[in-house]
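Just so you know, these numbers use all the heavy atoms, side chains as well, and skip hydrogens, waters and symmetry mates. Quick note on labels: first sequence line is chain A, next is B, and so on, each numbered from 1. Everything numeric in this text was worked out from a predicted model, so none of it was measured.
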Protein chains: 2
Amino acid sequence: MTTRRVTLVDVARLAGVDKAIVSRVVNADPSLVIRPDTRERVLEAISNLGYRPNVAARSLRTAKAGTLGLVIPDFANPVYAEIITGAESAALARGHVLVTGSSTGAHSSMDRYLDLLGQGRVDGLMLAGPTTAREQQKLESLGLPWMMVNRRDTGEHHRFVILDDAQAAKLAVEHLLELGHRHIVHVAGPFGADTARRRATGYRQAMKNSTHPVRAEDIARGDYTPRGGAEATAELLRKSPGATAVFVANVAMAVGVLDTLRRAGLRVPEDVSVVAVHDLPLAEHLVPALTTVRMPLQELGARAVDLLLTSSPEDEVAEVVGTAMELVYRESTAPARP
Amino acid sequence: MTTRRVTLVDVARLAGVDKAIVSRVVNADPSLVIRPDTRERVLEAISNLGYRPNVAARSLRTAKAGTLGLVIPDFANPVYAEIITGAESAALARGHVLVTGSSTGAHSSMDRYLDLLGQGRVDGLMLAGPTTAREQQKLESLGLPWMMVNRRDTGEHHRFVILDDAQAAKLAVEHLLELGHRHIVHVAGPFGADTARRRATGYRQAMKNSTHPVRAEDIARGDYTPRGGAEATAELLRKSPGATAVFVANVAMAVGVLDTLRRAGLRVPEDVSVVAVHDLPLAEHLVPALTTVRMPLQELGARAVDLLLTSSPEDEVAEVVGTAMELVYRESTAPARP
DNA sequence: TAGGGTCGGTCAAACGATTGAACGACTCTG
DNA sequence: CAGAGTCGTTCAATCGTTTGACCGACCCTA
């Protein structure tokens, strides 16, 4: 009564051919010459028996898992949700399955994942978010192709794909300049994040077109969280009074920025304009709806997958995904008052 | 120069034993009797060579993949982020890897996933979100153990784990009643979602303690999105004027509810109190910060994994995760005005 | 009609780990 | 000192696919 799994041999027997034929038919082997009616018999047998190739056996033989790994810090962060979505889509398009794991969690850690995944379970690994040098070493020791996503590391690893954060910052600041703002301050991301550095650089560059020169007091760092944004804003209110606009390094911090401004009795956008990087669904529903720079996060994830699958491990891969960046003008920015 | 993968045989050779010994040492086979120094030699060889078992070979032999699949509608939905986090954690604790896929996407669909996963790649499957009857049939045909998460299906499939949605609704409504509200309306979820039905039922039951009897006009349906919440609210403002509080079936819709109330010139919580189901990080940052019922979503995911791994396929599994539900009192609810 | 080409297949050796069975060398025990 | 256990280890079959090598039948051509 218990039905055994259907294998190649079963199909071969039913079709009256050798299992080699069946295998080649299944894999559409171009070197196969076969009579049309034989192929027909095979296909029929496959469908009648409901045959499905065993992945384990196939992986064993071919030494390919058909799987890619993506490690992110946290599923609850919508930025990574976008990256995952893009990566998954690209992986599926190439016939691969994507395994996504978080490196912060009750039983998970980067280490744990490297142990579980580094056994031929995946053909390649993508790391989004911060990584330690030790983890990178371990990664190298696994002999897997891997690359960093949205992080450009200072170490010796030369495979990564990032976004044009400086350009995003410029778009945001130029928007504010066009609205007539001059004294524009910056709520920057954490020191360790290279995305934050690039956005700060873009801010400085764009501010060259302002009459207001950027001073140290015009920039405060947050840790990419709402609370961090709130604290940085409080700091800026003290250090850099008179600013009419804020460029925030990400949407999460912008939430805290809006909170703090409101509590300080400042109206957005009447008194202060706010623009942030990343256009997440959330932005639209803040009060006021947040003006943002849309970043191609899905494309970032997709490019990472493509590069991982097409480049050879020794290749250096350093790509900046630059398309489809645009300013999304909502309610948190308005012309500067004369 | 190119280093071959290290196998059992290599380790065995270096340690001067048979590969069977190595295998049993690696797997901590309790039936193995071995001299301590031999074990030591084996372990040393393993670490010297950096041996890692090949998952494909192991899966082939044992017919176990060590992997579970979880299919969700959308990574961007924070509700599923919580479920994933819980499921991942439980899976890792049991030595399994979790493969999470979304069923809505450029190249993904439930079907596509069933094809990719239903080949011995996973030992079991969890489905969160809506499922069609055809998909369920296909699932059955794969002969995989599977279960529904956060959905209780009307079909013949009798394996699922859900939350006590009625109880959550009661907590919310009782909170409003305690604040003195009587005319409480309900922005319900879509008809197809059983979670929505249970929450509506809980609402009706709790309202038995109100002096205001629930009429059809006191309930409007939305589709669990902000827009849906906005539309339902507009409908309620027309149909059921005079309400002093709204119970919203989920946080996403609550976003739209707050929007619409604001645009209608109603202040929250001074004029209308709002409480919603699910405590997501987002809730804290809405304006005003949203009072919610915290649901054990992570535990839901974790229980699903545990049940999938411990129950036998023919068992009926119908579990309601009920712990850790509580009301989170924030700024969107206040005492009813006399 | 011998020799060489296609055609249309079949054969069998991997891939790397797991696991029941067998086995040789000891140590007891009666 | 024969017979029976333990102890510690080896043997070998098996999981299901893939893939290069081989092979027989048939058709040409010289």
Open item on the list: Here's a test of your reading of the structure: between B/A57 and B/G16, which maps to the more 5' nucleotide of DNA chain D?
Closed with: B/G16
Task: Gap between atoms CG and P, on B/L60 and D/dA13 respectively (whole Å) - done: 17 Å
- [ ] Take nucleotides 21-26 of chain D nucleotide by nucleotide from the 5' end and write B, S or -, depending on whether a protein heavy atom sits under 4.0 Å from the base, only from the sugar-phosphate, or from neither.
- [x] B-----
Task: Rounded distance [0.5 Å steps], CG in B/L309 versus CG in B/D123 - done: 7.5 Å
Open item on the list: Over the length of the helix from C/dT1-D/dA30 to C/dG30-D/dC1, how much do the five-pair end axes diverge, rounded to 10 degrees?
Closed with: 60°
Open item on the list: Let's see if you get this right: which residues in residues 26-56 of chain A place a heavy atom under 4.0 Å from DNA chain D?
Closed with: A/N27, A/Y51, A/R52, A/P53, A/N54
TODO: May I have the distance from B/I21 (atom CD1) to D/dC7 (atom C1'), rounded to whole angstrom?
DONE: 11 Å
TODO: First locate atom OG1 of B/T195, then atom CZ of B/R151, and finally report the distance between them rounded to the nearest 0.5 Å.
DONE: 5.0 Å
- [ ] To the nearest 0.5 Å, tell me how far A/Q136 CD sits from A/L127 CG.
- [x] 8.0 Å
Open item on the list: Rounded to the nearest 0.5 Å, what separates atom CE in B/M147 from atom CZ in B/F160?
Closed with: 8.5 Å
TODO: Among A/I83, A/V161, A/V71, A/L98, find the one that has a side chain to side chain contact (heavy atoms under 4.5 Å, CB included) with A/M126.
DONE: A/L98
Open item on the list: If I take atom CD from residue B/E88 and atom NE2 from residue B/H96, how far apart are they, to the nearest 0.5 angstrom?
Closed with: 14.0 Å
Open item on the list: Please determine whether a side-chain nitrogen of the Lys or Arg among A/R94 and A/D306 lies less than 4.0 Å from a carboxylate oxygen of the Asp or Glu.
Closed with: yes
Open item on the list: By the 4.0 Å heavy-atom rule, please label B/V22 as base, sugar-phosphate, or nothing.
Closed with: nothing
Task: Side chain A/T100, main chain A/L70, donor-acceptor under 3.5 Å - done: no
Open item on the list: Can you tell me how far apart CG (A/L114) and CG (A/L125) are? Round to the nearest 0.5 Å.
Closed with: 6.5 Å
- [ ] Looking at every strand, decide which applies to A/S23 at a 4.0 Å heavy-atom threshold: base, sugar-phosphate, or nothing.
- [x] base
Open item on the list: For a 4.0 angstrom threshold against heavy atoms of chain B, report the outermost contacting nucleotides of DNA chain C in 5' to 3' order.
Closed with: C/dG16 to C/dA21
Open item on the list: Test of understanding: with side-chain contact (heavy atoms from CB on, under 4.5 Å), list the residues that count as partners of A/V9, not counting sequence neighbours.
Closed with: A/T7, A/R13, A/K19
Task: Integer-rounded Å distance: D/dG16 C1' and B/R121 CZ - done: 15 Å
Open item on the list: I need the CG-P distance between B/L8 and D/dA12, as an integer number of Å.
Closed with: 18 Å
Taking distance alone, no hydrogens or angles, what donor-acceptor pairs closer than 3.5 Å link side-chain atoms of residues 48-68 of chain B to residues at least two apart or in another chain?
from	atom 1	to	atom 2	distance (Å)
B/N54	OD1	B/A56	N	2.7
B/N54	OD1	B/A57	N	3.0
B/R58	NH2	B/N27	OD1	3.3
B/S59	OG	B/V55	O	2.7
B/S59	OG	B/K64	O	3.3
B/T62	OG1	B/R58	O	2.8
B/T62	OG1	B/K64	N	3.4
B/T67	OG1	A/R121	NH1	3.1
B/T67	OG1	B/A65	O	3.4

- [ ] Answer yes when B/R5 and B/D10 have at least one side-chain N-carboxylate O distance shorter than 4.0 Å, and no when they do not.
- [x] no
Open item on the list: What I want to check is whether the side chains of B/Y80 and B/S102 have a donor and an acceptor closer together than 3.5 Å.
Closed with: no
